[in-house]
Amino acid sequence: MVTVDAQPFPYTFDPSRVALLCIDFQRDFVEAGGFGESLGNDVSRLRTTIGPTRAVLDAARERGWAIIHTREGHRPDLSDLFLAKRDRGNPTLRIGEEGPMGRLLVRGSAGHEIVPELAPEPGEVVLDKPGKGAFYATDLETILRARGITHLVVTGVTTEVCVQSTVREANDRGFESLVLSDCTGSYFPEFHESALAMFAAQGGIVGWVGTSADLLAALDDTSIDGEKAS
Ligand code: TIU
């Protein structure tokens with residue numbers, strides 16, 4: 001078992017039952033000219049998440065964890081896009097319209113791809129989702145249960161939107177989530193802090209919050225096959 005320092009108390013998991021979730025690290029959210037910028041956001045705020053997430057991804061790959069990358073986006077015919085989602089943000093550039101990285105938040109566009117630093121490798125799951133929560137209208141729960149996964153280490157953007165929705169959905173399905181504070185990010189620092197505080201409040205009402213450094217330290221203290229290092 002691995003135990004990580006976390007809030008509101010240490011997070012313990014069986015390394016054979018954990019998955020790393022990398023939520024929506026797409027060019028559309030993290031790079032200039034994408035969907036995030038079309039909403040009026042300063043996308044540079046999210047880039048601090050990439051380095052620490054890469055370190056966690058490398059550790060997870062080394063240990064053979066299940067790794068799941070999600071992407072938010074829609075079918076090219078937009079048949080899975082609710083008007084309630086389309087009619088948000090900047091009315092001159094909406095989901096499905098042509099931007100500098102192709103059609104915003106549409107599957108197959110350059111902006112829909114995961115940033116090169118965190119690009120999926122063969123054998124890793126890439127899950128396309130039309131909504132904010134990764135369980136909504138996807139087979140994520142089936143994929144996790146088929147592998148016996150009980151615990152989720154969560155990275156991704158943005159903290160108070162797709163990460164928050166996903167972690168709440170996971171909690172309702174009985175999964176135990178550790179959200180890494182430096183591997184998640186928001187266009188709004190105050191929302192990032194608030195969302196993290198909400199996860200861990202009330203005795204971990206939604207999950208745990210920790211840092212990549214504390215996770216990696218705990219992993220270093222444990223051999224690759226999950227035994228405590230002597
Ligand atoms: N706008 C914003 O903060 N986020 C999203 O629209 N999607 C995700 O968080 N992935």
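In each ligand, atom 1 is the first atom listed, and ligand 1 is the first ligand listed.
Using a 30° and 60° split on the angle between ring planes, His151 and Phe13 fall in the tilted class, from 30° to 60°.
The main-chain N or O of Arg88 is never found under 3.5 Å from a side-chain atom of Lys85 such that the two would form a donor-acceptor pair.
Side chain to side chain, Glu124 and His69 meet the donor-acceptor criterion of an N or O pair below 3.5 Å. Between the side chains of Ser212 and Asp182, a donor-acceptor pair is found at a separation under 3.5 Å.
Looking at Leu57, Ile23, Val153, Thr155 one by one, the single match for side chain to side chain contact (heavy atoms under 4.5 Å, CB included) with Cys183 turns out to be Thr155. A side chain to side chain contact (heavy atoms under 4.5 Å, CB included) with Leu180 is found for exactly one of Val56, Leu196, Thr211, namely Val56.
Among all non-hydrogen protein atoms, the one lying nearest atom 5 (C) of ligand 1 is Phe29 CE2, 3.5 Å. Given atom 1 (N) of ligand 1, the protein heavy atom at minimum distance is Leu39 CD1, 3.6 Å. Among all protein heavy atoms, the one lying closest to atom 8 (C) of ligand 1 is Cys162 SG, 2.6 Å.
Between Asp24 and ligand 1, an N or O atom pair is found at a separation short of 3.5 Å. In terms of N/O distances under 3.5 Å, ligand 1 is approached by Val157.
Those atoms of ligand 1 with a heavy atom of Glu72 less than 4.0 angstrom away are 5 (C), 7 (N), 8 (C), 10 (N). Residue Tyr187 approaches ligand 1 through these ligand atoms, each under 4.0 Å from one of its heavy atoms: 3 (O). Interface of Phe35 with ligand 1, defined as ligand atoms under 4.0 Å from a residue heavy atom, comprises 6 (O).
You'll find the ring centres of His192 and Tyr187 outside the 6.0 Å limit.
Residue contacts with ligand 1 do not include Lys132, since none of its heavy atoms lies under 4.0 Å from the ligand.
Of all the listed residues (Thr158, Thr70, Leu46), Thr158 holds the heavy atom that lies closest to atom 4 (N) of ligand 1.
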